[in-house]
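Owing to the predicted nature of the structure, the values given are computational and were not obtained by experimental measurement.
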Amino acid sequence: MDNWEDLTELGHHLADLPIEPTLGKMVLYSIVFKCLDPILTIVCSLAYRDPFILPMDPSNKRAAQNVRKKYAANTFSDHMSYLRVFQAWQRAKSDGWDKQFCERNFLSQATMDMIVGMRTQLLGQLRASGFVRARGPGDIRDLNSNSENWAVVKSSMCAGMYPNIIRIDRAKMVMTTQRESNVRFHPSCTLVDPTGAKNRAAQDKDVVRSLPTDWLMYEELTRVHHLTSVRCLSLITPITIALFAGPARLPHDAFVQAKMNSMQPSGGNLSSSEGEEEPEDITKSHIKMDNWISLNADPEVASLTFQLRQKWHSLFIRRMRAPAKPWSQADEAVLRSVIQVLSNEEQMSALQQPVGIGQRPKPMAADTMNSPPARNINSRFGSQDHGQKSMTPPRDHRRDFRPKNDGGRWTSPKFSHTDSSNYHNGSRGVTGMSSPTAGQTPFTRREQVADSPKQADTEGPAKYFVMKAPHDKFFDASVDDGEWTVTGANERKLSAAYSSCNSVYLVFLSHNSGNFQGYARMISGTSTNPRGGSSLKVKWIKR
């Protein structure tokens with residue numbers, strides 16, 4: 001949000017995505033970075049639950065941890081294990097032995113199927129929002145041109161995970177966060193050796209000592225009694241922190257130049273400090289990301305890093321404002337510079353560059369993608385359901401964004417967003433669109449539209465409006481009363497549409513979850529409601 005508590009361009013796009021804002025931010029950064037597919041797989045794994053299962057037999061627990069570590073492939077990243085195992089599972093599924101693969105690698109078959117369905121739905125939402133185009137610049141191939149660069153993929157994750165950052169205190173050999181002075185690795189972490197004979201504390205110190213950089217990002221922090229552990233980690237470089245951690249707009253005092261009369265030759269690498277714990281080095285410039293993260297570097301290196309950060313965030317904001325706008329040469333140059341800097345830093349830190357991470361997922365059968373088991377997308381690493389709706393609605397109610405052809409496949413809705421600030425009886429905003437086929441909704445197949453009234457005698461294209469409400473009780477009340485209440489601009493738009501077209505359909509969505517709730521046909525113009533606003537008669541076709 002901005003200073004007036006209005007949604008920014010980034011906030012509007014995050015609100016449209018059916019995942020948590022931190023995960024949505026990873027996806028949007030991956031689009032600008034052009035590394036979409038690996039991030040989609042990782043995000044869907046984090047949004048649903050850990051695909052690895054914990055064996056009941058104690059003798060198999062170490063074997064399950066070895067499988068995790070094998071797929072992490074010495075990259076100091078738990079996220080890599082999610083990506084690699086998904087790619088291997090897809091190859092096994094295409095060969096017809098996915099069930100045996102899951103049993104052998106301690107995976108949940110239902111979770112893997114769910115991740116596929118979530119990837120499909122999330123990609124469809126990105127297509128509908130204009131981030132992924134059908135062909136040409138901005139198509140799925142173009143948005144994966146940098147997917148083989150693991151440093152770029154980690155940068156997208158870092159931008160979304162902030163402030164979940166860990167700094168290593170080399171003096172004490174412990175991991176610290178913004179609020180915790182000592183955190184430990186979760187037993188499921190792939191950075192820990194499952195065959196180690198030492199106790200946990202000694203083993204953690206050995207792992208910390210062996211890490212090539214001082215920074216990690218984590219997905220979840222848990223506390224059990226006096227012990228705090230972090231899970232789902234990935235190692236990152238200082239330049240990644242300098243470019244993508246902290247707020248998008250740093251304050252004016254975030255960059256502190258070195259004292260000119262005290263400057264001495266020094267190394268060009270970025271180093272870290274924690275405010276008052278270390279004396280300020282007047283021979284180096286400082287980039288203060290927040291009240292906890294501060295990076296020191298040679299004045300020239302710090303100045304160039306700060307300028308590159310500003311150029312990158314300006315590019316990101318421009319892409320959020322106009323996702324479909326072609327890239328300029330200057331924007332392409334900024335992206336190439338950032339990628340080059342990230343890649344060089346990875347090489348200097350002796351971090352391994354994995355091969356094949358940008359492999360495009362193989363297409364699955366429609367039934368496999370569209371019928372995952374019902375589960376709350378926001379439950380992480382567990383089976384608790386806190387009453388939130390699942391990201392993936394039942395198959396008959398799910399909208400599909402695949403392009404239409406003459407073979408009776410699904411049609412792709414084109415939503416044009418309009419702003420509306422009025423709430424009444426749960427209605428929020430009206431979004432209009434025209435359909436190429438009278439009586440057809442974007443959520444039904446062609447052969448399913450036979451239930452729509454006036455399909456045969458409708459002249460001209462039908463009009464559709466998307467209606468949102470914060471609670472399901474408003475939809476249920478509308479089904480019982482046969483009315484829907486609107487106010488302000490919504491009333492004028494619907495009245496004008498009904499007077500010019502006999503077939504006006506209202507498509508109802510849940511404002512909180514974005515799930516499809518049903519659709520109805522408008523059968524009368526608007527009339528004054530004694531309770532305030534105006535109401536219109538509707539005939540529900542599907543609830």
Side-chain angles (χ1 to χ4, degrees), residues 20 22-23 42 45-69 71-72 75-82 106 108 157-158 160-236 241 245 272 274-277 290-293 378-386:
E20 293 183 7
T22 55
L23 302 179
I42 293 171
S45 300
L46 298 177
Y48 185 47
R49 66 179 179 188
D50 193 337
F52 293 95
I53 60 177
L54 185 64
M56 299 297 294
D57 188 356
S59 61
N60 288 331
K61 291 184 178 180
R62 179 172 292 182
Q65 184 63 13
N66 284 329
V67 170
R68 285 178 180 265
K69 197 170 183 66
Y71 284 107
T75 56
F76 302 100
S77 174
D78 294 324
H79 301 94
M80 175 62 74
S81 64
Y82 292 157
F106 305 97
S108 168
M157 291 191 291
C158 178
M161 287 189 182
Y162 173 84
N164 291 358
I165 302 297
I166 294 174
R167 178 185 178 271
I168 296 176
D169 186 344
R170 293 289 179 181
K172 301 178 181 179
M173 285 299 164
V174 296
M175 299 186 297
T176 62
T177 66
Q178 191 168 11
R179 293 184 173 87
E180 301 290 337
S181 59
N182 186 7
V183 297
R184 301 175 64 175
F185 294 107
H186 191 271
S188 64
C189 180
T190 59
L191 277 67
V192 180
D193 186 4
T195 62
K198 296 183 179 180
N199 60 59
R200 284 287 311 280
Q203 192 176 20
D204 285 357
K205 286 184 178 294
D206 289 344
V207 174
V208 168
R209 188 178 293 109
S210 66
L211 295 178
T213 73
D214 294 343
W215 299 95
L216 299 101
M217 53 186 172
Y218 66 92
E219 171 61 22
E220 187 179 53
L221 185 146
T222 57
R223 184 191 299 274
V224 179
H225 302 296
H226 64 284
L227 296 179
T228 304
S229 60
V230 286
R231 66 187 303 169
C232 207
L233 302 166
S234 283
L235 190 75
I236 50 179
I241 295 290
S272 59
E274 290 190 67
E276 298 179 357
E277 291 189 8
D290 53 28
N291 294 330
W292 180 62
I293 300 177
N378 291 320
S379 62
R380 297 189 176 190
F381 306 103
S383 59
Q384 296 85 356
D385 192 341
H386 302 287

* **Heavy-atom check, side chain of Ser108 versus side chain of Arg49, under 4.5 Å** => yes
* Asked: So how far is it from Leu227 CG to Thr222 OG1, rounded to the nearest 0.5 Å?
  -> 9.5 Å
* Is there a side-chain contact between Ser229 and Val224 (heavy atoms, below 4.5 Å)? -> no
* Structure fact -> On a heavy-atom basis, the closest approach of Ala72 and Met80 is O-CG, 3.5 Å
* Do Asp169 side-chain atoms and Val174 backbone N/O form a donor-acceptor pair below 3.5 Å? -> no
* Asked: Tell me, do Phe185 and Met175 make a side-chain contact under 4.5 Å, heavy atoms counted?
  -> yes
* Asked: Is the shortest heavy-atom distance from the side chain of Leu46 to the side chain of Thr22 under 4.5 Å?
  -> no
* Closest approach of Arg68 to Asp50 (non-hydrogen atoms, all atoms of both residues) -> NH2-OD2, 2.6 Å
* Supply the atom-to-atom distance Asn291 CG to Gln178 CD, rounded to the nearest 0.5 angstrom. => 7.5 Å
* So among Asp204, Thr75, Leu235, Leu216, which one has a side chain to side chain contact (heavy atoms under 4.5 Å, CB included) with Leu191? -> Leu216
* Start with the C-alpha gap between Asp206 and Asp193, add the side-chain angles, then the distance that decides, and say whether side-chain contact (heavy atoms from CB on, under 4.5 Å) holds. => CA-CA 10 Å; Asp206 289 344; Asp193 186 4; over 6 Å; no
* Asked: Are any of the side-chain heavy atoms of Thr177 and Thr228 separated by less than 4.5 Å?
  -> no
* Answer whether the closest heavy-atom distance between the side chains of His79 and Cys232 falls below 4.5 Å. => yes
* **Non-hydrogen atoms of Phe106 and Pro55 that approach each other most closely** => CD2-CG, 3.5 Å
* Contact check, side chains of Ile165 and Trp292, non-hydrogen atoms, under 4.5 Å -> yes
* To do: Kindly compute the distance separating CD (Gln203) from CZ (Arg184), expressed to the nearest 0.5 Å.
  => 10.0 Å
* Where do Ile241 and Cys158 come nearest, in terms of heavy atoms and distance? -> CD1-SG, 4.4 Å
* Asked: Is the side chain of Thr176 donor-acceptor paired with the backbone N or O of Arg167 at a distance under 3.5 Å, no angle test?
  -> yes
* Asked: How far does OH of Tyr218 sit from CG of Asn164, to the nearest 0.5 angstrom?
  -> 4.0 Å
* To do: List the steps, then state whether side-chain contact (heavy atoms from CB on, under 4.5 Å) holds for Glu180 with Arg223.
  => CA-CA 11 Å; Glu180 301 290 337; Arg223 184 191 299 274; 2.3 Å; yes
* Asked: For the atom pair CD1 (Ile42) and CG (Leu23), what is the distance rounded to the nearest 0.5 Å?
  -> 11.0 Å
* Structure fact -> Between Leu233 and Cys189 the two heavy atoms that sit nearest each other are CD1-SG, 3.7 Å
* So do the side chains of Pro212 and Phe76 get within less than 4.5 Å of each other, counting heavy atoms only? -> yes
* Asked: Taking atom OH of Tyr162 and atom CE of Met217, what is their separation to the nearest 0.5 Å?
  -> 15.0 Å
* **Smallest separation among heavy atoms of Arg231 and Ser188, with atom names** => NH2-OG, 3.8 Å
* **Heavy-atom donor-acceptor pair, Ser81 side chain to Tyr71 backbone, under 3.5 Å** => no
* Can you check whether Val208's main-chain N or O pairs, donor with acceptor, with Arg170's side chain at less than 3.5 Å? -> yes
* To do: Could you tell me whether the side chain of Asn60 and the main chain of Ala63 form a donor-acceptor pair under 3.5 Å?
  => no
